[in-house]
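Chain identifiers are assigned alphabetically (A, B, ...) following the order of the sequence lines, protein sequences preceding nucleic acid strands; residue numbering begins at 1 within each chain.
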Amino acid sequence: MSNVRVRFAPSPTGFFHIGGARTALFNWLYARHTKGTFVLRIEDTDKERDRPEFLQVILDGLRWLGMDWDEGPEKGGNFGPYFQSQRGHIYEEYITKLKESGRAYEKEGALWLKISGEGQVINDAIRGRVERKEEEDFVIVRSNGTPVFHLVNVIDDLTMQITHVIRGEDHLSNTSKHMELFRAFEATPPIYAHIPLILKSDGPGKMSKRDRGALIEEYQQRHFLPEAVRNFLCLLGWSPKEDREILPIEEVISLFDIANVNKNNAHFDEKKMAFINCEYVKHLPLDSFVDKVKPILLSSKVIDENTDKDYIKDVLSICQEKVRGLEDVPHFVGYFFTENYPFDEKAKEKVMKKGNVNERLEEFLAFIEPLNALVESELEPGIKKLAESKNVNTGDYIHAVRLAVSGTNVGPGIYGLIRVLGKTRVQQRIKKFIA
RNA sequence: GCCCUCAUCGUCUAGUGGCUAGGACAUUGGAUUCUCAUUCCAAAAACCGGGGUUCAAUUCCCCGUGGGGGUACCA
């Protein structure tokens with residue numbers, strides 16, 4: 001284990017923002033890369049907004065994304081407590097130090113820090129040398145007695161022996177205040193690394209919690225694969241510097257370094273997020289795809305506890321490569337599990353326009369009648385031969401059959417579809433359609 | 001206003017003092033005489049502007065412009 005100690009310090013406000021998740025991720029990656037320590041600290045000092053039950057949202061989100069912490073809530077550690085609300089006595093102690101050294105003074109009931117008057121040089125690990133001078137004394141304890149963010153943040157980083165502060169660029173301007181505080185405590189500031197922000201995909205400014213795709217909870221609810229979300233987040237501000245984008249987290253850990261994090265802000269791209277999720281879904285082993293999809297099909301009432309397990313697996317095996325993500329599966333496979341499947345009017349219109357649909361279906365029925373089991377290896381050449389003999393396109397049979405047995409014109413490959421539905425069901429559905 | 005910061009296709013990015021400036025998403029067009037929400041192929045698409053430095057700048061420097069952030073007894 002190295003001596004690197006990084007931290008993620010969220011406020012439990014009831015949601016887990018994508019920007020926060022990315023900050024957590026970069027801290028976590030750096031900790032794992034350096035074999036250091038990832039500390040989770042909860043900044044729950046805002047009485048107006050913070051609620052204890054909101055903590056769970058953050059913890060769930062972190063776990064979901066596979067970011068385990070070495071110290072913090074539900075884990076403990078030698079530098080606790082890890083909730084700011086429980087660290088009051090530590091703050092008192094440090095406030096007293098400032099008063100005694102003459103660096104803090106009271107005015108109008110609030111405690112102010114007397115600035116050094118010198119420019120602060122930040123040797124940012126990402127941005128290089130940044131110079132900024134704090135021009136005015138600032139409040140560190142409000143007149144109601146509560147300490148402000150800058151003070152507690154610095155005291156926590158100091159006492160938790162944080163070596164690298166990896167945080168959003170929105171804190172870059174605050175850093176001069178924080179360095180003033182470290183100097184006032186006669187301590188060496190940590191190494192700072194300010195990572196770029198995630199901007200809205202369209203309008204101006206950074207992602208806000210109201211923007212589509214801004215909350216980790218949204219991806220959880222929409223059944224995104226956490227590995228995919230994490231992979232996408234890795235690519236926002238960092239790159240493996242080769243022409244690959246989908247890469248396992250172990251590889252990211254070994255390649256990641258704060259020195260090669262980008263400086264420029266990145267716009268959120270919903271489409272790319274969806275694409276990466278698709279890639280992960282497609283490459284899931286079938287068994288794990290089935291395991292993940294089953295509960296979704298159950299809760300959307302597409303299947304129930306009695307639905308045949310092998311049949312479910314058969315259906316999913318032909319659909320996996322076609323679905324657009326786990327959340328689309330119920331809609332995609334609905335007709336496999338009910339005789340009451342809806343007909344897509346546009347698809348119907350498109351197929352019927354070709355004409356002679358019933359004739360084709362009759363011919364198809366006659367073709368499968370003598371067959372025992374319907375398998376791809378017989379269906380494909382059989383239908384082609386049938387089409388040739390009638391002097392029509394294979395597509396005429398395929399489109400008509402697909403519409404009749406599924407109610408739509410999109411789906412898995414037709415031969416697999418017919419095989420999985422089975423002869424009896426295919427015959428019944430086509431007959432019902434013709435009638 | 002002041003302070004800080006950033007700048008390669010629409011978007012995410014790779015890259016270089018001399019290259020046909022690479023990849024991915026998205027887009028468009030083909031192919032798979034089986035749909036497409038699969039797959040494959042192809043196309044279009046970028047170095048913000050102006051000054052320097054240099055034999056040579058997309059690359060280095062300066063100034064603009066544009067974006068972003070900060071300017072709270074919020075975090």
Side-chain angles (χ1 to χ4, degrees), chain A residues 9-11 13 20 43-46 48-50 84 107-112 122 124 126-128 130-136 138-150 152-153 168-177 194 196-202 204-206 232 235-246 262-276 278-279 282 318-325 328 331-332 347 350-351 379-380 383-384 387 392-403 406 408-417:
Chain A
S11 273
T13 48
E43 306 211 333
D44 57 345
T45 48
D46 186 346
E48 302 294 306
R49 294 203 310 218
D50 297 335
Q84 286 188 337
K107 188 174 83 180
E108 289 155 17
L111 195 68
W112 295 67
I122 309 160
D124 193 284
I126 294 169
R127 276 143 221 289
V130 177
E131 212 167 330
R132 191 172 187 282
K133 188 176 170 187
E134 211 52 45
E135 300 285 355
E136 289 175 17
F138 56 93
V139 170
I140 51 177
V141 180
R142 302 183 187 85
S143 46
N144 68 8
T146 58
V148 305
F149 159 76
H150 302 298
V152 296
N153 188 269
E169 200 228 42
D170 48 343
H171 284 293
L172 187 52
S173 297
N174 288 330
T175 306
S176 46
K177 281 193 179 72
H194 288 92
L197 267 23
I198 301 178
L199 269 26
K200 287 179 200 287
S201 44
D202 37 32
K206 52 180 176 174
F232 172 76
L235 264 18
L236 237 41
W238 176 85
S239 121
K241 302 202 187 300
E242 49 180 295
D243 294 342
R244 277 191 316 145
E245 297 194 312
I246 311 288
N262 287 151
K263 295 179 188 160
N264 45 325
N265 296 337
H267 290 85
F268 175 74
D269 186 347
E270 188 183 0
K271 295 228 173 84
K272 183 124 186 185
M273 169 78 266
F275 166 79
I276 290 176
C278 262
E279 286 297 300
K282 265 184 267 178
I318 59 169
C319 292
Q320 181 177 7
E321 63 170 10
K322 295 284 187 168
V323 297
R324 269 297 208 178
D328 284 338
H331 176 246
F332 195 84
K350 194 174 164 190
V351 173
L379 287 167
E380 184 162 0
I383 292 179
K384 279 188 177 148
V392 295
N393 292 329
T394 354
D396 291 3
Y397 290 103
I398 284 159
H399 297 154
V401 171
R402 181 187 293 283
L403 176 72
S406 76
T408 175
N409 63 346
V410 300
I414 190 71
Y415 307 115
L417 166 62

Exactly one candidate in A:His150, A:Glu134, A:His194, A:Arg132 meets side chain to side chain donor-acceptor pair (under 3.5 Å) with A:Thr175; the answer is A:His194
- Message: Under 4.0 Å, counting only non-hydrogen atoms across every strand here, what does A:Gly205 touch: a base, just sugar-phosphate, or nothing?
- Response: sugar-phosphate
Exercise. Report yes or no: is there a donor-acceptor pair, N or O only, under 3.5 Å between the side chain of A:Thr394 and the base of B:C34?
Key: no
In whole angstroms, the gap separating P of B:G69 from CG of A:Asn264 amounts to 15 Å
Are A:Lys271 and B:A24 close enough that a side-chain N or O sits under 4.0 Å from OP1 or OP2?
no
In this structure, CZ of A:Phe268 is separated from CG of A:Asp202 (nearest 0.5 Å) by 11.0 Å
Considering only heavy side-chain atoms of A:Glu245, the closest of B:G15, B:C4, B:C12 is B:C12
### Task
Considering just the side-chain nitrogens and oxygens of A:Lys241, establish if one lies under 4.0 Å of OP1 or OP2 belonging to B:A14.
yes
Could you tell me whether A:Arg244 contacts a base, only the sugar-phosphate backbone, or nothing, with contacts defined as non-hydrogen atoms closer than 4.0 Å?
nothing
Contact class for A:Ala266 vs. all strands (heavy atom < 4.0 Å): base, sugar-phosphate, or nothing?
sugar-phosphate
query: For A:Gly168, which contact category applies under a 4.0 Å heavy-atom criterion: base, sugar-phosphate, or nothing?
result: nothing
Among the nucleotides B:C36, B:C34, B:C73, whichever has the atom closest to the side chain of A:Val139 is B:C73
> What nucleic acid atoms does A:Ser239 come within less than 4.0 Å of, heavy atoms only: base, sugar-phosphate, or nothing?
Replying inline: sugar-phosphate
Below the 4.0 Å mark, does B:G69 have OP1 or OP2 next to a side-chain nitrogen or oxygen of A:Ser173? no
request  = Sticking with atom P, work out how far B:A26 lies from B:C4, rounded to a whole angstrom.
outcome  = 41 Å
Taken in chain and number order and not counting sequence neighbours, the residues that satisfy salt bridge (charged side-chain N to carboxylate O under 4.0 Å, His left out) with A:Glu279 are A:Lys282
Per atom distances to the A:Phe275 side chain, the nearest of B:A26, B:U35, B:C6 is B:A26
Which of B:C6, B:G69, B:C3 is nearest the side chain of A:Arg132? It is B:C3
Across every strand shown, the nucleotide meeting Watson-Crick or G-U wobble geometry with B:A14 (both distances under 3.5 Å) is none
In whole angstroms, the gap separating P of B:C3 from CD of A:Glu136 amounts to 14 Å
Subject >> B:C2 to B:C12 separation - C1' atoms, rounded to the nearest Å >> reply: 33 Å
Query raised in the report: With rounding to whole Å, what would you report as the distance between B:G51 and B:C9 at their C1' atoms?
Result: 27 Å
Answer for the Watson-Crick or wobble partner of B:U35, both distances under 3.5 Å, is none
B:A43 -> Watson-Crick or G-U wobble partner, both distances under 3.5 Å, gives B:U27
Whole-Å distance, A:His194 NE2 to B:C3 C1', equals 15 Å
Hey, does A:Phe138 reach any base, or is it just sugar-phosphate, or nothing, if we go heavy atoms under 4.0 Å? nothing
Contacts of A:Asp124 meeting salt bridge (charged side-chain N to carboxylate O under 4.0 Å, His left out) (sequence neighbours excluded), chain-then-number -> none
Base, sugar-phosphate or nothing for A:Leu236? Non-hydrogen atoms, less than 4.0 Å. sugar-phosphate
Roughly how many Å apart are B:U11 and B:G29, using the P atom of each and rounding to a whole number?
22 Å
Output for pair (A:Met273 CE, A:Leu235 CG), nearest 0.5 Å, gives 10.0 Å
- Query: Given the C1' atoms of B:G67 and B:G49, what is the spacing between them in whole Å?
  - Reply: 15 Å
Notebook entry, point to check: So what does A:Val130 touch, heavy atoms closer than 4.0 Å: a base, only the sugar-phosphate, or nothing?
Noted result: sugar-phosphate
Looking at every strand, decide which applies to A:Gly413 at a 4.0 Å heavy-atom threshold: base, sugar-phosphate, or nothing.
base
What nucleic acid atoms does A:Asn409 come within less than 4.0 Å of, heavy atoms only: base, sugar-phosphate, or nothing? base
- Query: With rounding to whole Å, what would you report as the distance between B:C60 and B:C47 at their C1' atoms?
  - Reply: 15 Å
### Query
Touch check for A:His150, heavy atoms < 4.0 angstrom, all strands: base, sugar-phosphate only, or nothing?
base
Q.
Using atom C1' in both nucleotides, what's the gap between B:A45 and B:U53 to the nearest angstrom?
A. 32 Å
Taken to the nearest whole Å, CG/A:Leu199 to C1'/B:G67 is 8 Å
NZ of A:Lys271 to SG of A:Cys278, rounded to nearest 0.5 Å, is 13.0 Å
* Asked: Under 4.0 Å between a side-chain N/O of A:Asn262 and OP1 or OP2 of B:A7, yes or no?
  -> no
Would the number of heavy atoms belonging to other residues, nucleotides or ligands and lying under 6.0 Å from NE2 of A:His331 be above 12? no
- Scan A:Phe332 against the nucleic acid and name what it touches under 4.0 Å (heavy atoms): base, sugar-phosphate only, or nothing. base
Winner on side-chain proximity to A:Lys282, out of B:U39, B:G22, B:G68, is B:U39
Would you please confirm or rule out a distance under 4.0 Å between OP1 or OP2 of B:G70 and any side-chain N or O of A:Lys206? yes
message = Check this for me: does the side-chain of A:Asn174 come within 3.5 Å of the base of B:A75 through a donor and an acceptor?
response = yes
A:Leu197 atom CG is separated from B:U11 atom P, nearest whole Å, by 17 Å
- Task: Could you give me the CA-CA distance, side-chain angles and deciding distance for A:Tyr397 and A:Ile414, then say whether side chain to side chain contact (heavy atoms under 4.5 Å, CB included) is met?
- Result: CA-CA 10 Å; A:Tyr397 290 103; A:Ile414 190 71; over 6 Å; no
- Remember a base hit wins even if backbone is also touched, and classify A:Glu131 as base, sugar-phosphate or nothing at under 4.0 Å, heavy atoms. sugar-phosphate
Side-chain atoms of A:Glu108 come closest, of B:C25, B:C73, B:G69, to B:C73
Checking B:C25, B:G69, B:U38 against the side chain of A:Lys272 (C-beta onward), the nearest is B:C25
Taken to the nearest whole Å, CD1/A:Ile398 to C1'/B:C36 is 13 Å
Touch check for A:Pro196, heavy atoms < 4.0 angstrom, all strands: base, sugar-phosphate only, or nothing? nothing
Here the distance between atom C1' of B:C6 and atom NZ of A:Lys263, to the nearest Å, is 9 Å
d(A:Ile398 CD1, A:Glu380 CD) to nearest 0.5 Å is 8.0 Å
In whole angstroms, the gap separating C1' of B:U38 from CD1 of A:Ile414 amounts to 15 Å
So NE2 of A:His267 and CG of A:Leu236: to nearest 0.5 Å the spacing works out to 11.0 Å
- Message: With the criterion set at under 5.5 Å between ring centres and under 30 degrees between planes, would B:A75 be stacked on A:His171?
- Response: yes
- Item | Polar side-chain contact A:Lys322-B:U35 base: donor and acceptor under 3.5 Å | yes
In Watson-Crick or G-U wobble terms, with both distances under 3.5 Å, the base opposite B:G1 is B:U71
